Structures are given as structure tokens and as C-alpha cells.
**Q** 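The structure under discussion is supplied below as C-alpha cells; questions concerning it will follow.
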Protein chains: 2
Amino acid sequence: MGNVMVAAKTRSSSRSKEKIREENERIILIAAEKVFAKHGLKGATTKQIADMAKLPKSNIHYYFHTKLNLYRCVLESILVDWMKAADTFNTFNEPREAFRYYVGAKMDLSRIRPFGSKVWANEIISGAPEMEAILSSRLKKWVDTCVDSINTWVELKKIINVGDAHTLLYMIWATTQHYADFEYQVKILNNGKRLTDAEFEEKKQQVIDLVLRSVGLNP
Amino acid sequence: MGNVMVAAKTRSSSRSKEKIREENERIILIAAEKVFAKHGLKGATTKQIADMAKLPKSNIHYYFHTKLNLYRCVLESILVDWMKAADTFNTFNEPREAFRYYVGAKMDLSRIRPFGSKVWANEIISGAPEMEAILSSRLKKWVDTCVDSINTWVELKKIINVGDAHTLLYMIWATTQHYADFEYQVKILNNGKRLTDAEFEEKKQQVIDLVLRSVGLNP
DNA sequence: AAAATATTTGACCATTTGGTCAGGTTATAA
DNA sequence: TTATAACCTGACCAAATGGTCAAATATTTT
């Protein structure tokens, strides 16, 4: 009887090998993102990640081999979302729409995936040892395109000349990511209460308006 | 003869106990700030700090007892400079001057003390476990004062209504600190070359102008 | 000069950590 | 059904780490 029940139970809850790997990798990546966000690459331990994922530590090593490799996989998965937001910038020809939607997309990303932003921030604060290659190739290329767009808008007198377009991009990045990276500070200064969805939408609009006015556009 | 020379050498290079402690604490704090900036509280090791300070590890523990205590001392010493910059904001009655000088002071701080800014950022990203008290009391109070000033300027029609004054403050903090916290990224996107002093002064002026325009002021 | 106090540091230790591995279980292909 | 390949995990280990301590040295006080 024991055998039958075990067999039945096993069969009913069985998953294909493919699904198992897929799901466990996902669970581990999500757990790792949180732990790396809080403690950084060196400060995070595989045990913490395992506990967060509710899996034995050996399992983490089984799927990702080393902590450094897992960390790199987390960074890569964040890059996908980042680039998706980045694409919105070049979707529009008019600066008002480009800034409006790009800033909005970055704000949404900070709200939806704050841990990813923190891992990214931690990595760059630490000197970007694992990301220098990506930054100097892929990100650099994207930034150059944006700088060209902005300079063209300046030439066409569509926006005010801000000097170096990088300064404007950095302001957008820094301000939007602030709501993810510094969310604990934002919470404390909001009387200890996390921003509600409605409040966050307000801030998003305010940030968009600040950015638009900073380049001489009337929101 | 050996004794004489040793005695002479010892006497000539002798320092008072007071000076010894003062100087060693300073050396250790500077070293710790760099290491904590790069690796965070958990990731930094007392050995790394000792090597950076060119002192034996035991010496670090002699002066600061535990790593956590040393970390707290580093945070405190950063707070002093932070508050100094903060004071400039309330020195001026006119918003144009207040923003101009405060943003300038924050940019200067990012340039002069980038490691301190990174330690601060790391601490907040990690959930501010050691700083929550300071943030909810001292910083909160200062922010409330600033918010009042900004709201008064809005009522007097001196600047545009930005909705929540916090949003504006966060934009200033985030943008200015970006040049410290993300300096590696800034460097990479500046073709791998660190900003020169002259370049940095340019950016500082551009940031000031962006902020002024964002609240409807003509730079 | 001698006693008292403060600084210095190598040797040492208990704990934590990333990673390994053998032996087991489960799913799939033959 | 059987063989093979993939998944799972407790037990284990070498290295790293925060911290201690005793003994040596240097300064100050008496």
C-alpha cells in the first residue's frame, strides 16, 4: 500500500525535467536578485540565497555552479529589462514624447523591479568589475545614439541646449533609479510608509514634468 | 653604538600618544572608507582595511574594536560633510541662489569625497540598518525645513509648482550623487577617461542649469 | 629611575563560507 | 521493463575571516 500511494503521489506531482530546470532556475534567480541587492556580490552568501529560494544550498550549486556565475546570470537578466526600457527612447521622433515615455518606462522599472536596480547600482559602485565589457560596448553604443538624437533636437531648436547631452541622460537615470535604489530612504522620509501605487504615479508625472521643463519643454 | 643610534632614532621620530592615536584613527578611517565603498559592510574585510592603511590587522581592532563600530564611525564622519553642504540651502532667501549653491555644494562633495558617497549609498541600498535612526530624525527634520522653503517659494510664485517638493529634492540628490556613486560608469561613457577638473566644472554648471529650469527659473 | 600607562603585533582560534561529492531519487529513452 | 541520464541533498572540507591575547615596545608620570 505504501508503495502504491508513493507511486501515485509521485506520478501526479511529477514534472518534466525541462520544466523542473526552468522553474528552479527562475526561483533561484529571483532569490539571488534579492540577496545580492541587499548584500552585494561579496556580502551575499549561497546559504542565504538557498534559504530565500527554499532549496538546499547544493541545489544552487547544481544549477549555477559558482556564486560568481549566478551573479553574472542575475546581471544579464536585469539587462534585458533595462534594454527594453531603453528602446522606448528611440521610438519617438518628438522630444516631448521621447522623454515622457522613456522617463515613464524607467520609473515603472524602478517600481516593478527594485532589486534588479539595486544589484546594478551595487555593481557599478563596486567598480563594475563584471560589467565593464557590457558598459563599454552595448551601453556606450546606445548612449551615443541618444546623444545624437538630443543634439539633433537642439540643432532644430526643439529643446534648449544643455551643453553635454550626457548630463541630461545622467539626470534621468539617477532620478528614476533613485526610487528603486534609495527606496528605504524614500520610505523613511514619507513618514515610514511605502509609496502607494497612486502616490507613485503622482511622483512619476512630477519627474516627467521636471525633466521636460529642464530642457525647456512645456509639459 | 647600536644602542645610541637606536635611541637617537627613536627619540627623533617619537610622537606624543595623543598625536599617535589621532593620526592612526585618521589613517584607518580613510582606508576603511575606500574599502567599505568598494565592498560594502559585509563584503569588506578587516585585513583589506589594514592593508590599505598599511597597518597590521590587530591595530585596526585596537583602535576601533569591531568592524561594525569602525563602519559606524565612517558613516558619522561622512554625515558631517553632508550636513555642511545641506546648510548652504537655508543660507539663501532667493530660490535661484539657494538651488545654485546647494547643487554646487553637492557636486563638489561628489568630486571631493566620492568614497563617502558610495558608502552612504551602499548603506541605504542595503536597507539602512545602521542609519535608520539618523534618517528618521536628523535628516527628516532638515528635509521638512527644505520642503517648507520650497512650498513658500511656490506660494510666492517664485518657482513653478512641482507638486511634491520631495520629488525635486530627490532629483537634486540623485543627480549630484550620480557623479560619485556611478563615477566608474561616467568614466566608461566618457571614453574611459576620468572627467578632468575643468570638465567637471562644466557638468556642474549644466546640472545647476537643468535644476533651475526644471522649477521654471531662467539660469 | 622606576612605575604606570598606552601602543604594537605575531600567533592563535572558533566560526563561516564557497564548493565538492557520493549515493540516492526521479523522469525519460530504449 | 530496463538502462540511462538528470535531479537532489546531507555530509564533508579547505580556506578565509572577525576577533582575542600575551608579550614586547614606547611614552608619560611620579
Side-chain angles (χ1 to χ4, degrees), chain A residues 2-29 31-32 35-36 38-74 130, chain B residues 2-29 31-32 35-36 38-74 130:
Chain A
N3 278 338
V4 173
M5 284 187 67
V6 167
K9 187 178 177 187
T10 302
R11 200 171 299 128
S12 73
S13 69
S14 79
R15 299 169 298 171
S16 75
K17 296 277 187 192
E18 200 181 12
K19 285 285 171 199
I20 288 174
R21 172 165 282 268
E22 205 173 295
E23 190 178 328
N24 279 340
E25 285 182 350
R26 197 181 52 84
I27 289 172
I28 294 169
L29 279 172
V35 178
F36 283 134
K38 189 145 198 150
H39 301 291
L41 169 57
K42 293 198 66 175
T45 73
T46 53
K47 179 66 162 44
Q48 283 175 313
I49 295 169
D51 289 349
M52 181 76 73
K54 289 177 183 170
L55 287 172
K57 196 183 69 164
S58 315
N59 219 321
I60 275 57
H61 284 99
Y62 174 71
Y63 281 108
F64 289 93
H65 210 64
T66 65
K67 184 170 82 159
L68 180 59
N69 182 55
L70 172 56
Y71 179 72
R72 287 184 177 137
C73 291
V74 169
E130 304 299 328
Chain B
N3 277 339
V4 174
M5 284 187 69
V6 167
K9 189 177 179 186
T10 302
R11 200 172 300 129
S12 73
S13 70
S14 80
R15 301 167 298 171
S16 77
K17 297 276 186 191
E18 200 181 13
K19 285 285 170 198
I20 288 174
R21 173 164 280 268
E22 203 173 297
E23 189 178 331
N24 280 340
E25 285 182 351
R26 197 180 54 84
I27 289 171
I28 294 168
L29 280 172
V35 177
F36 283 133
K38 189 143 198 153
H39 302 290
L41 169 57
K42 292 197 67 175
T45 72
T46 52
K47 179 66 160 47
Q48 283 174 315
I49 295 169
D51 289 349
M52 182 76 73
K54 288 176 185 171
L55 287 172
K57 195 184 66 163
S58 316
N59 219 321
I60 275 56
H61 283 100
Y62 174 71
Y63 281 108
F64 288 92
H65 210 64
T66 66
K67 186 170 81 160
L68 181 59
N69 183 55
L70 172 54
Y71 179 72
R72 287 182 177 138
C73 291
V74 169
E130 305 300 329

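The sequence lines fix the lettering, A, B, ..., with proteins before strands; numbering per chain opens at 1. Computed from a predicted model, the values in this text were never measured in an experiment. Only heavy atoms go into these numbers, but all of them, side chains included; no hydrogens, no water, no symmetry mates.
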**Q** Quick check: on DNA chain D, is the nucleotide nearest B:E18 upstream (toward 5') of the one nearest B:H65, or the reverse? Name the residue that is more 5'.
**A** B:H65
**Q** Tell me what B:A50 touches on the nucleic acid: a base, only sugar-phosphate, or nothing, going by heavy atoms under 4.0 Å.
**A** nothing
**Q** In whole angstrom, what separates B:E23's CD from C:dT7's C1'?
**A** 13 Å
**Q** Whole Å only: how far is the NE2 atom of A:H39 from the C1' atom of C:dT17?
**A** 14 Å
**Q** Taking A:I49 as the fixed residue, which of A:V74, A:V35, A:L29 is the one that meets the side chain to side chain contact (heavy atoms under 4.5 Å, CB included) rule?
**A**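 Checked A:V74, A:V35, A:L29 against A:I49; only one passes side chain to side chain contact (heavy atoms under 4.5 Å, CB included): A:V35.
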**Q** State, to 0.1 Å, how close B:P56 and B:A50 come at their nearest heavy-atom pair, and which atoms those are.
**A**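 What the structure gives for the nearest pair is C-CB, 4.0 Å.
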**Q** Choosing from D:dG10, D:dG18, C:dT7, which nucleotide comes nearest the side chain of B:T45?
**A**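 Taking heavy atoms from C-beta onward, the closest nucleotide is D:dG18.
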**Q** Please tell me which of the listed nucleotides, D:dC8, C:dT20, D:dA5, lies nearest to the side chain of A:K17?
**A** D:dA5
**Q** Treating A:K42 as the side-chain partner and B:T45 as the backbone partner, does any N or O pair qualify as donor plus acceptor under 3.5 Å?
**A**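 Not at all, since once roles are kept as given, no pair shorter than 3.5 Å links the two residues.
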**Q** Expressed as a whole number of angstroms, how long is the span from B:Y63:OH to C:dA6:P?
**A**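 About 12 Å, once rounded to whole Å.
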**Q** Using a 4.5 Å cut-off on heavy atoms from C-beta on, say whether the side chain of B:F64 contacts that of B:R72.
**A**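 They are not in contact (no side-chain heavy atoms under 4.5 Å apart), so the answer is no.
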**Q** With DNA chain C as reference, determine whether A:G43 or A:I20 sits nearer its 5' end, using the nearest nucleotide of each.
**A** A:G43
**Q** Quick one: which of D:dC7, D:dG18, C:dT7 gets closest to the side chain of B:K67?
**A** D:dG18
**Q** Which listed nucleotide (C:dG19, D:dG18, C:dT7) is nearest to the side chain of A:H61?
**A**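 The closest nucleotide is C:dG19.
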**Q** Looking at C:dA27, I'd like to know if its phosphate oxygens (OP1 or OP2) sit under 4.0 Å from a side-chain N or O belonging to A:S16.
**A** no
**Q** To the nearest angstrom, how far is B:I28 atom CD1 from C:dT7 atom P?
**A** 11 Å
**Q** Ignoring backbone atoms, test whether A:R21 places a side-chain nitrogen or oxygen under 4.0 Å from the OP1 or OP2 oxygen of D:dC7.
**A** yes
**Q** Within this structure, what is the CG-to-P distance between B:D51 and D:dA16, rounded to whole angstrom?
**A**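 It is 13 Å, rounded to the nearest whole Å.
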**Q** Would you tell me if any nitrogen or oxygen in the side chain of A:Y62 comes within less than 4.0 Å of OP1 or OP2 on D:dC7?
**A** yes
**Q** May I ask you to decide if B:A44's main-chain N or O and B:K38's side chain share a donor-acceptor pair within less than 3.5 Å?
**A**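 Answer holds: no.
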**Q** Has the side chain of A:S58 got a donor or acceptor atom sitting under 3.5 Å from an opposite partner on the base of D:dG10?
**A** yes
**Q** Is there a donor N/O on one and an acceptor N/O on the other, under 3.5 Å, for the side chain of B:K57 and the base of C:dT9?
**A**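 Side chain to base: no pair below 3.5 Å.
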**Q** List the steps and the verdict of side chain to side chain contact (heavy atoms under 4.5 Å, CB included) for A:K54 and A:I27.
**A** CA-CA 9 Å; A:K54 289 177 183 170; A:I27 289 172; over 6 Å; no
**Q** When the distance from OH of A:Y71 to P of C:dG18 is rounded to whole Å, what number comes out?
**A** 15 Å
**Q** Between C1' on C:dG19 and NZ on A:K47, what's the gap in Å once rounded to a whole number?
**A**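 It works out to 15 Å between those atoms.
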**Q** Nearest whole Å is fine: how far is D:dG19 P from B:L70 CG?
**A**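 Rounding to the nearest Å, CG of B:L70 and P of D:dG19 are 10 Å apart.
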**Q** Looking at B:N59, I'd like to know whether one of its side-chain N or O atoms comes within less than 4.0 Å of OP1 or OP2 on C:dG10.
**A**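 The answer is no; no side-chain N or O of B:N59 sits under 4.0 Å from OP1 or OP2.
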